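Heads up, the thing below is written out as structure tokens.
All of these numbers come straight from a predicted model, not from anything done at the bench. In this chain, residues are counted from 1 in sequence order.
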Amino acid sequence: MKYEFLIVGQGITGSVLATQLEKLTKTFKIVDDFNKNTSSRVAAGIMHPMSLKRVNLSWNGKDFYDFSDDFYKKFDSLNKTKFYKSCSMIRVFNSYQEQNNWIGRCSDIKLKGIIDLNHQKIDPINDAFGSGEVLKSNHLNVNYFLKYLKNKYETRNILKKEKFNPLKIKLENNMFYYGDDSFENIIMCDGSSSLKNPIFDYLPMIPNKGEIMNIFSDVLPKKIINCGVFCLPIKNKIFTVGSTYSNEDSKRHITNNAKNYLLKKLSKIINIDDISIVDQSFGFRPTTPDRKPFIGEHPLIKNIYTLNGMGSKALLMAPLLAKELLDHIFNSKSISPLVDIKRYSDKIKSDNKAFAKSIMGQ
């Protein structure tokens, strides 16, 4: 069968891309082995436009937030689902310095309607230095969102539970052949797995390990709390606590160091003797040296693209960046130099060139 697109990876980014292609009535298949330790499959699903540590908007935060907020609301409306909801987040201050910084930022016109002081005591949270509130904060049930789209596309265009093998790609008469099908375009949304993909492994991807815990608590409030780590109510006195960030830990298992770090952070706001750990999990985020995503066409092979490198912010960034890539493909609109992979064209190696030539039959 002939298709317009092959999407490699069905995490948050690949799933968002698939919905946009469907809306444009484009034909596609998806290949994914549904590895449980990708960042998408352990993502808590909290979305807001802030860099909380700096009390400032994250890069393009407002544009990303406004577009994604509209995207997920329309997704729920169209599919008659309830995966996405608004829920403000409480930021518990660790010092008077943090409190004063937040108070000062509340007067910034750019942050009006986005952050404020929290004037209500939240029992039994220890907030000796007070707390702030992120007003524009939302939660997407990522697991349900991904499962829904996996099931939806499984009945039509999906290659079931297959790990992508770039060695199987062949290019003939301007069509890419993979398995029994042919494709006009391929878009790689393969996260940190791109490091093992000789098509785009020249890009300086940095796998960033994150670990989270699910805990049981009778005392935690049913609010999203952030105290350097987040605490998210999910169901029946079960809360998700996360996350750690490590560029150095490549171990593919959970660690006591991460557990102790999360408990230490949590102990600043509650008595951790009142909680019990249910489980712990990990995933690897695809991060980049300049903290900007990787988007664009391969420098040697036309019509093979990447949409990757969003770190922990795929939920926030993917809808608008997927649109930017599709506008580039269909309407020849330029990709922002800040995210265009052309900025790393000098990194391509002789092995990448040789592999590209093998795909093209040269």
Would you say the rings of [Y] and [X] are close, in the sense that their centroids are separated by under 6.0 Å?
| X | Y | answer |
| --- | --- | --- |
| Y84 | Y72 | yes |
| Y305 | H298 | no |
| F28 | Y3 | no |
| F294 | F200 | no |

One pair to check against side-chain contact (heavy atoms from CB on, under 4.5 Å): K150 and I30. What are the steps and the verdict?
CA-CA 9 Å; K150 178 187 174 186; I30 305 171; over 6 Å; no

Is there a donor-acceptor contact under 3.5 Å from the side chain of N60 to the main chain of D63?
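Between the backbone of D63 and the side chain of N60 there is no qualifying donor-acceptor contact (under 3.5 Å).
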
Does one side chain, of [X] or [Y], offer a donor that lies under 3.5 Å from an acceptor on the other?
| X | Y | value |
| --- | --- | --- |
| N138 | Y65 | yes |
| Y153 | E22 | yes |
| T255 | E211 | yes |
| R91 | S137 | no |
| N214 | T240 | yes |

Does a sphere of radius 6.0 Å around NZ in K349 hold more than 12 heavy atoms from other residues, nucleotides or ligands, not counting ones at 6.0 Å or beyond?
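For K349, atom NZ is crowded (more than 12 foreign heavy atoms under 6.0 Å).
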
If you count the non-hydrogen atoms of other residues, nucleotides and ligands that lie under 6.0 Å from NZ in K121, is the total more than 12?
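Enclosed: over 12 neighbouring heavy atoms sit under 6.0 Å from NZ of K121.
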
Is the ring pair F93/W102 parallel, tilted or perpendicular, if the boundaries are 30 and 60 degrees?
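Tilted: the ring planes of F93 and W102 meet at 30° to 60°.
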
Might you work through the side-chain contact (heavy atoms from CB on, under 4.5 Å) test for L262 and K265, ending with a clear yes or no?
CA-CA 5 Å; L262 296 175; K265 288 287 188 179; 5.9 Å; no

Is the charged tip of K209 near the ring of F282: under 6.0 Å from the six-membered ring centre and within 45° of its axis?
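Checked: cation-pi criterion met.
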
Within 45 degrees of the axis of the six-membered ring of F330 and under 6.0 Å from its centre: does K26 put its NZ or CZ there?
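Verdict for F330: a cation-pi partner in K26.
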
